[in-house]
Amino acid sequence: MATRKRNRSNSFSRFPSPSHDSPSPSPSTPDEDHLSPDNIPGLFNDPSTSDLLLRLSLDPSLLASGSDDPAPTPPISPPILDLHVASSSLRRARYFDALLSDRWRQDESSDKSPRVITLIVGPSTTAKCRRRRPFDGHVAVIRLLHTLDFASSVHSPTDALDLLPIASELLFDDLIRYCLRFLDAVPWTEEEEKLVLTLVPMLQLHESKDLLSRIFPARSDSSKSPSEKMLGDLINSAIHAPPNSATVKTFVAKILRDYPSIDSKTMVLDSSFLQSLDAVKELMGKYASPDFRVAGNNDEREAMQRLHLHAAMTNIKHLYWIIERMVEMRVADNAVKEWSDQSGLSADLLKTLKDDNFRNIAPGLPVFVTRCTLKLAGEVVSGHTLAPQQTRTKLVKVWLPVLNACRDLASLPGGSQRTVFHELEETFLQIISTLPIADAQELLHQCLSFSTRNVDDCPHLVNAFKTWFRRANRAPQGDP
């Protein structure tokens, strides 16, 4: 068989160079090496209407046995598949249009046999096509060049992903656009998304802009990534959900737990913590401020005060939920430091707790403030947050007066709420035991209110003083 090799433009160099063979090929036989596809009379693979024979030949490299046996093996003839095609249909693909242009002149032989084009099916398209037989993907694309009936061939993302690599290498633009539109419009499985990512390098940006926007975030000048912004929005939705929407908070808590980046979670939770804390400080400051005046009668002033304290209570609940998430994920370091610096908020709370009106507006205020402090102080005691000595000292010094004020409120309901105060007492005493003797002495004096009529009911306080005296009675280090 005489073969004349022809050169192609570099713009079509992704495909193996086809050959134009003059002699007529032997008839197709449906054995292992020579396959026969279904034909469409008068349109595709019909010898009576075709003017070309397209021969698909499997790249010999795909037939390597992979055996370690050094003995020579007889050469294996690669499978081939002959398709009777119409040149006018093939020209719909820019690869074939260039191949069949005037610069690819036909043989000047007097042989009247049909022109033959051989197309090598290489490993790149075979690997990316998941169809059962090696030529199935190419046959499907060649058939679509004749029928243009894309909808009948693309029923799932897998179908589109099978056809796209071949359509891209043949430069079949109409099919490429259809597959991209199909992929853009339907959901994918995780495996299908991985396949889409492998095809990204061969896609033109202007053709796949909508598709790529689905799997890659847009460039932004924001310091937060799209994921961090989404996490922040989810936290905001959770804390502002209606009181009966516990499922929303549960769902967002799970998303935060499962999110892999600790740094992102820390940044988002720190930001949400500061926002809620600032809101609490502003509202408590307005309620406790002696300069707060409202033009009009006392009823208007009382209504505004109610509004401020109710809003402050709501934001303290938000703050507590955020602190719970921080403690759960062990990212409360910055929150502990911020909470230890809140002498102003502590002073406003003390003023509020001395005002009998708060009990009618926000009766749960002492308990939620104590829970916030307990959660953060517990992180210090457990060692999950390695707070410096100065931070530990300030944490107790700032919030111990608030704890004492909460305990002294006679009308608080009993049970679990008194347990919260008792737990914070024990936690503060444990933190005090980590401080220098002089600092511990000052703070222990403020803990005398932890005592009860029955000394046996306050062993935590007794043990704290015993520990302090044991240490204080030692001779200073270095003395003889």
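Index from 1, following the sequence. What you see below is based on every heavy atom in this structure, not just the backbone, and it leaves out hydrogens, waters and symmetry mates. Nothing here was measured: the structure is a model prediction, and the numbers come from that model.
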**Student:** Could you list the residues that satisfy salt bridge (charged side-chain N to carboxylate O under 4.0 Å, His left out) with D174, not counting sequence neighbours?
**Tutor:** R177

**Student:** Using a cut-off of 6.0 Å, state whether more than 12 heavy atoms not belonging to F251 lie near its atom CZ.
**Tutor:** no

**Student:** Determine whether L183 and L164 satisfy the following criterion, side chain to side chain contact (heavy atoms under 4.5 Å, CB included), listing intermediate values before the conclusion.
**Tutor:** CA-CA 10 Å; L183 289 172; L164 254 178; 3.7 Å; yes

**Student:** Hey, what do you get for CG (L319) to SG (C372), rounding to the nearest 0.5 Å?
**Tutor:** 5.0 Å

**Student:** Are any non-hydrogen side-chain atoms of C447 and E425 less than 4.5 angstrom apart?
**Tutor:** no

**Student:** Given the rule in the side chain to side chain contact (heavy atoms under 4.5 Å, CB included) test, do F96 and F172 qualify, once you have shown the distances and angles that lead to the verdict?
**Tutor:** CA-CA 9 Å; F96 287 121; F172 187 4; over 6 Å; no

**Student:** What I'd like to find out is whether the side chain of I176 reaches to under 4.5 Å of the side chain of S168, using heavy atoms alone.
**Tutor:** yes

**Student:** For a 4.5 angstrom cut-off between non-hydrogen side-chain atoms, does Q305 reach K286?
**Tutor:** no

**Student:** Between the side chains of D355 and K351, is the shortest nitrogen-to-carboxylate-oxygen separation below 4.0 Å, so that they form an ion pair?
**Tutor:** no

**Student:** Short question: side chain of T434, backbone of I431 - any donor-acceptor pair under 3.5 Å?
**Tutor:** yes

**Student:** How close do L199 and P165 get, counting heavy atoms only, and between which atoms?
**Tutor:** CD2-CG, 3.6 Å

**Student:** How many angstroms lie between atom CD of Q430 and atom OG1 of T467, to the nearest 0.5 angstrom?
**Tutor:** 10.5 Å

**Student:** With a cut-off of 6.0 Å (strictly less than), are more than 12 heavy atoms of other residues, nucleotides or ligands near NE2 of H310?
**Tutor:** no

**Student:** Nearest 0.5 Å please: distance from the CD atom of E193 over to the CZ atom of R214.
**Tutor:** 7.5 Å

**Student:** Distance only, no hydrogens: is a donor on one side chain within 3.5 Å (strictly under) of an acceptor on the other, for N404 and S449?
**Tutor:** yes

**Student:** At their closest point, which heavy atom of W339 faces which heavy atom of V369, and how far apart are they?
**Tutor:** CZ2-O, 4.4 Å

**Student:** Checking H318 side chain against I239 main chain: does a donor-acceptor pair fall under 3.5 Å?
**Tutor:** yes

**Student:** Using salt bridge (Lys or Arg N to Asp or Glu O under 4.0 Å) as the criterion, point out the one residue from K375, K265, R257 that pairs with E328.
**Tutor:** R257

**Student:** Is there a side-chain contact between V331 and D270 in this structure, where contact means two heavy atoms from C-beta onward sitting under 4.5 Å apart?
**Tutor:** no

**Student:** In plain terms, say whether D333 and K337 are close enough for a salt bridge, that is, a side-chain N and a carboxylate O under 4.0 Å apart.
**Tutor:** no

**Student:** Taking the side chain as everything from C-beta on, heavy atoms only, tell me whether V252 gets closer than 4.5 Å to L256.
**Tutor:** yes

**Student:** On a heavy-atom basis, which atom in S264 and which in E228 lie closest, and how many Å separate them?
**Tutor:** OG-OE2, 3.0 Å

**Student:** For P459, is there any backbone N or O sitting under 3.5 Å from a side-chain donor or acceptor partner on N463?
**Tutor:** yes

**Student:** Is there side-chain contact between V398 and L345, with at least one heavy-atom pair below 4.5 Å?
**Tutor:** no

**Student:** Verify, without hydrogens or angle tests, whether D159 (side chain) and H155 (backbone) share a donor-acceptor contact under 3.5 angstrom.
**Tutor:** yes

**Student:** Donor-acceptor pair, distance only, cut-off 3.5 Å: does the side chain of T266 make one with the backbone of I262?
**Tutor:** yes

**Student:** Could you tell me whether the side chain of C458 reaches within less than 4.5 Å of the side chain of F450, counting heavy atoms only?
**Tutor:** no

**Student:** Locate the shortest heavy-atom distance separating L429 from A464; write the atom from each residue and the value.
**Tutor:** CD2-CB, 3.8 Å

**Student:** Hey, does the side chain of H384 reach the backbone of V380 with a donor-acceptor pair shorter than 3.5 angstrom?
**Tutor:** no

**Student:** Surrounding CZ of R181 (heavy atoms of other residues, nucleotides or ligands, distance under 6.0 Å), is the total greater than 12?
**Tutor:** no

**Student:** If we only count heavy atoms from C-beta on, is the C406 to F421 side-chain gap below 4.5 Å?
**Tutor:** yes

**Student:** Please confirm whether the backbone N or O of D149 pairs with a side-chain atom of S152, one donor and one acceptor, at under 3.5 Å?
**Tutor:** yes

**Student:** Any idea which heavy atoms bring P401 and Q446 closest together, and the distance?
**Tutor:** CG-OE1, 4.3 Å

**Student:** State whether the side chain of E192 and the backbone N or O of P157 hold a donor-acceptor pair below 3.5 Å, judged by distance alone.
**Tutor:** no

**Student:** If you count heavy atoms of other groups shown closer than 6.0 angstrom to CD of Q390, is the number above 12?
**Tutor:** no

**Student:** Could you give the distance from CD (E338) to CG (L395), rounded to the nearest 0.5 Å?
**Tutor:** 12.5 Å

**Student:** Give a yes or no on whether the backbone of V268 and the side-chain of S271 come within a donor-acceptor separation of less than 3.5 Å.
**Tutor:** no

**Student:** Could you walk me through whether Y259 and S227 pass side chain to side chain contact (heavy atoms under 4.5 Å, CB included), step by step?
**Tutor:** CA-CA 10 Å; Y259 192 74; S227 295; 3.1 Å; yes

**Student:** Taking Q342's backbone N and O only, do any of them form a donor-acceptor pair with S346's side chain (distance below 3.5 Å, no angle check)?
**Tutor:** no

**Student:** As an exercise, state the distance from CH2 of W399 to CG of L374, rounded to the nearest 0.5 Å.
**Tutor:** 13.0 Å

**Student:** Going from NZ on K281 to CG on D348, what distance comes out if it is rounded to the nearest 0.5 angstrom?
**Tutor:** 10.0 Å

**Student:** Classify the side-chain pair S213/D210 by whether it contains a donor and acceptor separated by less than 3.5 Å.
**Tutor:** no

**Student:** Verify side chain to side chain contact (heavy atoms under 4.5 Å, CB included) between I215 and L212, making sure each step is shown before the conclusion.
**Tutor:** CA-CA 5 Å; I215 52 179; L212 297 181; 4.2 Å; yes

**Student:** Considering all heavy atoms of both residues, which atom of S433 and which atom of R471 are nearest to each other, and what is their separation?
**Tutor:** O-NH1, 2.6 Å

**Student:** Looking at W321, is R325 sitting on its ring face, NZ or CZ under 6.0 Å from the six-membered ring centre and within 45 degrees of the normal?
**Tutor:** yes

